[in-house]
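Encoded as structure tokens, the structure appears first; notes follow it.
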Amino acid sequence: MVAGKEGCPCTNEAAALSSLTERSCEVASTGEPGVLFKMGGYCVPISYGSSKCLLHDLHNDPACFVDGDDIIPPYCFRAFCYVDADVCARESNERVYRSDYFNIDSGVDVFYSYSTCNSTSDDWLGPVDGKVEPVNLGQITIKANIPRYVLPMMYKRDPTSNEILTVTGSEYYNNNVLYEGVYPDFVENIMKISKGDIKNITYTHRSKVSSDLHPESSYTAAVQDIQDGLVDMGVGSFWITSERLLMSAFTIPIVYDRVYLVVPKPGLNDESFLQHVSKVLQPFETQLWGLVIGIIIITGLLSVWFSDLPKRPTGRRSNFRQQKTEPLRRRKSAYARLAIDSILEKGMFFCSAGVEQDVGANLSKKLLMFGFGFFILIAVSSYVANLAAFLTRKTLEGSVTSIDGAIARGWKICAHPIFVKDLELAWPNGKFVFSEAGTEFYGVLDDYIDGKCKALAIGWEDTSMDRSFLDRLCENELVYTDSMFHETPIAFPIRQGLAAGFSHWMLQAKRNHNLVLQAVKDEFATESACNVHFSAENIETSDYDPIDVEHMALPIILFIVCSSLAIIGHLCERRDMKRGRSSLFAVHSQLQLVVDEPSHIPRALRMGGRISFGKGRRSTTDSSFRSKEDDDDDEMYPGIHGTQTLVMEEQNSGSSNFIYKKDDDVEMPPSIHDLEVEEEDDSFHSIGRPHFQTGRSIGFF
């Protein structure tokens, strides 16, 4: 954007305008704060006239908003800006005027200049009593040049084969070969809407000498021909730049072109080993993985706690030392080992997507495992459902999708030379390579292919419909990102005396006939061989959304409920056993008397041994057995009724045998694990896991 000539730059007077609080208002079209020009006048934004050379009146003055066939006042198409009168008077020869919208006693001195914007104040200062004479082009024939071929915007066909041409040749300088495309059709429609005010438009080429003067851009060369008087206007996608505004006037903007960052397609880079490994964890968020591990640990610890019951008190005589002295002291190392075993077991349950059934477990443990099993069901199902999508997707890690990212990595960015000042001013830390080929964005792309840069700055309007250019982007696996360098208005450069009249008919065509450039472009719609559009917002679709804690709310709640009930049940069981009463939670959910694989008889007692109950011997491998001769409810050990004692008999072979015998005077220990053999008095002490002297063999009959 133009900010005025050197020596008389545009200034920002927004602060001065906003200080007029008594004139404050709201712009109806945008809702932004504004100021009234004269009391009772129209409202303009406080940015009106500031910082840049723009057609400020065209967008804000109600006199410029006309309907029907009324003529827009010429001053609406004159660019101006506010300036510092002292600086301009001292450093330049530009004409400066004081705004009469503000009285001398208002405390606001605002000055404006048209000439610093390469414009004229004649139309603004000329009207008398607010009357403006209509602009009449007088059935003019306009001679226009076209700078180059851009498909499908403007092109010629081969005179012999009728093939559409993409590169200018000798036919470019032959005015008998007609132009086709979006812009010629757009201008043709405007000419028809003018009802003869624009009689005809003829097309020609840019001069060869202008190309020598401006080898960096064919568009600037075409504007040079207008300044030199060779043609009346240029037709094409001309950016309004500071250099070109000093050479020619422009019509009202046709469209705004955006210059985007173009980069190698994200995700095509080789991923590191760590990136591949991390994909396995991506279906769940980090917080959810932590919750899964926490639930596994809690379940393992509760399982150990539920298996550890206190010894029940008894009124009968006992041979166990701990009943005479103090409660059983557990070994911390034994508990630590049991806790680790239980946690690993629950981890295997989770990985195998199931819970092993334990028919001998008490009610507390079964409640716990029900909640844990449901949690496993939902968690594993959700994980597996998402895993394939995460394993096969391409990540954006290591990819550049923004201007800041490219500059931060020190990437060189190929760009059009017309943007030298704009890019260097807006991105002072950027490393830009400006094409010197003079072939517009094709030259920028060639520089990239030659390895001069790693990214590009490409204008959308000039390339978005160029099939040849888009195909080259596909071949080189390049895509447009959403990261925009800047936005530039596109308009037709035109001789000063024709700007107002032609702009009037452009505006009439838009308002009354809905003629816009996009409508004409739709008639020439084309598609590239691949998708050249990339959006960082859309790359993460719902297929790749990780599962979070909220998604797992139901199984988590159920696990918490089941765990809470299990803990309450276990506490009740411990309380009842300490009081010597039976507990509903201590009853095993089974009716059989003989069960394979005992849960807490030592390994040495399970390997083929026999246990005798009074009158008969029964073979058993579980702690849940019952004597037929004792049906009273006073259980001294879970599953054993009456009082039995375990005695060791020496056989001739030197082996020892353990026999349960009915004995009303001897109390069973609280757990088979709590037995220790002492040969001196054949008694047993509940001091922990059974241990036997090395070298002795234990046999069973």
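No experiment lies behind these values; they were computed from the predicted model shown.
Under the 2.5 Å cut-off for SG-SG separation, C88 and C8 qualify: their sulfur atoms lie closer than that.
Side chains of Y183 and S237: a donor-acceptor N/O pair is absent below 3.5 angstrom, by distance only. A donor atom on one side chain and an acceptor atom on the other are found under 3.5 Å apart for D225 and S207. Side-chain contact, D61 with Y75: a donor N or O sits under 3.5 Å from an acceptor N or O. There is no side-chain donor-acceptor pair under 3.5 Å between W460 and D257. A donor-acceptor pair shorter than 3.5 Å cannot be found between the side chains of R258 and S464. Side chains of T220 and R244: a donor on one and an acceptor on the other come within 3.5 Å. Side-chain atoms of S50 and S47 include no donor-acceptor pair closer than 3.5 Å. Inspection of the D57 and Y48 side chains reveals an N or O donor paired with an N or O acceptor under 3.5 Å. When only modelled atom types and interatomic distance are considered, Q496 and T120 share no side-chain donor-acceptor pair under 3.5 Å. There is a side-chain donor-acceptor pair under 3.5 Å between R206 and Y172.
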Apply side chain to side chain donor-acceptor pair (under 3.5 Å) to N175 and T204, showing your working. CA-CA 6 Å; N175 293 337; T204 186; 3.3 Å; yes

Run the numbers on C10 and C81 for disulfide bond (SG atoms under 2.5 Å apart), then give the verdict. CA-CA 6 Å; C10 298; C81 68; 2.1 Å; yes

Take R157 and E163 through the test salt bridge (charged side-chain N to carboxylate O under 4.0 Å, His left out) and record every step on the way to the result. CA-CA 5 Å; R157 293 180 181 271; E163 181 182 355; over 6 Å; no

Residues Y97, Y112; criterion ring pair (Phe, Tyr, Trp, His ring centres under 6.0 Å); working and verdict: CA-CA 5 Å; Y97 304 91; Y112 64 91; 5.6 Å; yes

Could you walk me through whether D466 and Y442 pass side chain to side chain donor-acceptor pair (under 3.5 Å), step by step? CA-CA 11 Å; D466 189 342; Y442 278 90; 2.9 Å; yes

Using the side chain to side chain donor-acceptor pair (under 3.5 Å) rule, take T463 and Y480 through it: C-alpha gap first, then chi angles, then the decisive distance, then the call. CA-CA 11 Å; T463 61; Y480 293 89; 2.6 Å; yes

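Residues A222 and P147 approach most closely at CB-CB, 4.1 Å, considering heavy atoms. Taking every heavy atom of both residues into account, S402 and V400 meet most closely at O-CG1, 3.6 Å.
Note: F492 and F238 fail the aromatic proximity criterion, with ring centroids not under 6.0 Å apart. In this structure, H486 has its ring center under 6.0 Å from that of F419. Residues F80 and Y114 place their aromatic rings such that the two centres sit under 6.0 Å apart. Ring pair F434/H416: centre-to-centre distance not below 6.0 Å.
Residue E6 places its CD atom among 12 or fewer non-hydrogen atoms of other residues, nucleotides or ligands, all under 6.0 Å distant.
Annotation: side chain of Y203 is not in contact with side chain of K156 (no heavy-atom distance under 4.5 Å). Residues M233 and R495 are not in side-chain contact: their nearest non-hydrogen atoms beyond the backbone lie 4.5 Å or more apart. Looking at heavy atoms from C-beta onward, D232 lies out of side-chain contact with I494 at the 4.5 angstrom threshold. Residues Y448 and L478 have side chains in contact (heavy-atom distance under 4.5 Å, counting atoms from C-beta outward). In this structure the side chain of V150 reaches within 4.5 angstrom of the side chain of R148, judged on heavy atoms. Under the 4.5 Å side-chain criterion, counting only non-hydrogen atoms from C-beta, F250 is in contact with L245. For the pair V27/E32, a side-chain contact is recorded, criterion being any heavy-atom separation below 4.5 Å from C-beta on. By the 4.5 Å heavy-atom criterion applied to side chains, L261 and F485 are counted as neighbours.
One distance of note links CH2 of W505 with CG of D197; it measures 5.5 Å at 0.5 Å rounding. Note that NE2 of H513 and CD1 of I190 are 11.0 Å apart. Values are rounded to the nearest 0.5 Å. Once rounded to the nearest 0.5 Å, the distance linking OG of S217 with CD of Q224 reads 12.0 Å. For the atom pair T166 OG1 and R467 CZ, the distance stands at 13.0 Å (nearest 0.5 Å). If you take CG on L165 and OH on Y149, they are separated by 5.5 Å, rounding to the nearest 0.5 Å.
Checking side-chain atoms of S210 against main-chain N and O of A221 turns up a donor-acceptor pair under 3.5 Å.
Sorted by first and then second residue, the salt bridge (Lys or Arg N to Asp or Glu O under 4.0 Å) pairs involving residues 441-456 (not counting sequence neighbours) are D446-R472, D447-K452.
Taking the ring axis of Y173 as reference, the NZ or CZ atom of K208 stays within 45° of it and closer than 6.0 Å to the ring centre.
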